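Just so you know, residue 1 is the first one in the sequence shown, and it goes up from there. Note that the structure is a prediction, hence the values are computed from the model and not measured. Just follow the structure's listing: the first ligand is 1, and inside any ligand the first atom is 1.
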Amino acid sequence: MFLTISTTGSAQRPATDLGHLLHKHPEKAQAFSTSYGTAHVLYPEADAEHCTAALLLEVDAVALVRRRKGKGRGGAPDAALAQYVNDRPYAASSLLAVALGSVFSSAMRGVCTARPELPGTPRPLRIEVPALPARGGADLVRRLFEPLGWTVTAEPVPLDTEFPEWGDSRYIRLTLLAADLTLAEALRHLYALLPVLDDAKHYWVSPDEVDKLLRVGDGWLPAHPERELITRRYLSHRWSLTRQANERLELVRLAEADDSEVEDLDNAVAQEAEADDEEKPTPLAVRRREAILGVLRASGAARVLDLGCGQGQLVQALLKDPAFTEIVGVDVSMRALTIASRRLKLDRMGERQASRVTLLQGSLAYTDKRLKGYDAAVLSEVIEHLDLPRLPALEYAVFGSARPRTVCVTTPNVEYNVRWESLPAGHARHGDHRFEWTREEFRGWARTVAERHGYAVEFLPVGPDDPEVGPPTQMAVFRLGTPKEAKAA
Ligand code: SAH
C-alpha cells in the first residue's frame, strides 16, 4: 500500500518544510511497526523546489486474518483461502488510513513545536494513491473530495493491461491537487475518506469511533454535501452510531452557520491583494471583471449565473449594479463558497439585497435544473480547471441544458505566458490548470460549441493585446440564436 504527499516551494518557503510538518526527516528512511505490518516513510525527492514523502505500508496478511478471528464484523464472511489471499497488502484501504493516523499523528493534529507557524499555512499539495479501492467509482471520489477544495483526477485501473477487453478493476488511481489547504486538513480528509471509499473496515467499530470521526471531520464534515454517506460508511453501516454522528454533526453545522468569524475572508482578501500586486497598474483580475461587467451590461441581462464563482469577487461586483436583479454564484468547492458568503456578508445583508443573491454548491460537469432560465452565464477562468475529457460534460450542462441567452467565457492565453517574467518557460500560470490554450485552440473549441448548440460567438481581448502573442486573457462571448457568427475582434 502506497501513498505520496508532495509539495512545491522556493528558497524563501522551501518544499522541504514538509519534513517539519510530518515530523519525519527528509534525509532518513524510517520504519514503524504497526499492528498490521510495517510502515515505511521515505522521501523520493527533497529539495527547496520539490519535496515528496512516501508512506509505504507492508501488510502482514496472515497476521491480519489471525487478528480478525472472533472480532465482530469483519466484512462478508470470506472463504478460507480468500482470507489469506486478498487485496489488503496492495490497495490503499482503511489500513493505510490507520497507518497515516499513527505515523503522522502530530501532523494530523496540526502540531509543529519547532516551527509553530507552519501547520496553519496552506501550501500547494499533491497526493497520489496508485491503487485505491473505490466503491462508487470515480464519480463518488469526486463528490467526496471536490467540495473540500481538491482538484481530483480519478482514473480507473484496468483489470489487466494486456487484456483491455476485461474492463476495469474496482481500483482507481487517484491524484489530488490543492492550493489552499493545510497539510493537517489534507491528512484528516484522507484519514476519514480512504475507509469510506474502501467501505470494508478491517476492525470492529466501537462507539468511540463517533468521537474520532467528529474530531477528524472538524471544519469540513458538518457541511459536506455527502455527509450522510460518509458517516454511514465510516461507521460501517451501524445505524445507531450513524444517527448519533449525524445529529451531532448537524448541531455543529448549525452553530458554524451562525459563526461570523471573518478570519478566512481576511486571509482571502490579503491573498488577493498580494496576487494583484504582480500586475500594476490595473491588476488583470480587475480588468477581467470590468470586461465581463461590460459584456453583461451590453447584453441587457438582469438574471445572471456566475459559474465557478470561486470566492465571490464577481458576485460582489454584480451586486453593486442594480441592473442585475438576480445573481447566482455556483461552485463545486464548499470552501470557496464559505469564503464567498463571508465576503458578501450574506448573513448581515438587508432582506432586499439578500433576495438578489444565491450561492449554490454544484458541479458544472452535471446538468442542473436549478441553472435553467437565466439571461446570462459567466465562466471566468474556470474551464481550464477541468480535465479535458470532462469539458464536453460542462459544455452540455451550460450550452445544452442551462442555455442562457448570453455566455461569457474567459481563459488564459498560453501564448502570452512568455511575457510573464516570473513564470518559468513551459509552466502553467496556476498549479491547478489542466490545460492552457493558444488563441487558435480556444477559438476552435468555442466555434464548435457555438455551432453545436446554436449560438453565435465573438472574441474579445482582455489586458494589453500584444501584437505577437495576443492578450493575457482571452474571452469568448456566445449569444443564442444570432444568425451568423460575428467575426473575431
Ligand atoms: N470565477 C472565479 C474563480 C476562478 S477559479 C474568478 O474568475 O476569479 C476556478 C473555480 O472553478 C474554482 O473556484 C473551482 O472550485 C471552480 N470549479 C472547478 N471545477 C468546477 C466544477 N466542475 N464545477 C463547479 N465549479 C468548479
**Message:** Tell me which residues fall inside the under-4.0 Å heavy-atom shell around ligand 1.
**Reply:** Gly308, Cys309, Gly310, Asp331, Val332, Ser333, Gly362, Ser363, Leu364, Ser380, Glu381, Val382, His385, Leu386

**Asked** So do the side chains of Val382 and Thr411 get within less than 4.5 Å of each other, counting heavy atoms only?
**Response** no

**Request:** Can you label the angle between the Tyr396 ring and the His453 ring as parallel, tilted or perpendicular, going by 30° and 60°?
**Result:** tilted

**Request:** Return the orientation label for the Phe442 and Trp437 ring planes: parallel under 30°, perpendicular over 60°, tilted otherwise.
**Result:** tilted

**Asked** Going through the distances and angles, do Arg434 and Thr151 end up as a side-chain hydrogen bond (donor to acceptor under 3.5 Å, both in side chains)?
**Response** CA-CA 10 Å; Arg434 299 318 178 82; Thr151 307; 4.5 Å; no

**Asked** Between Arg188 (side chain) and Met108 (backbone), is there a donor-acceptor pair under 3.5 Å?
**Response**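 The answer is yes, because a donor-acceptor pair under 3.5 Å joins these two groups.
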
**Message:** Less than 4.0 angstrom from a charged side-chain N to a carboxylate O is my criterion; do Asp321 and Arg297 meet it?
**Reply:** yes

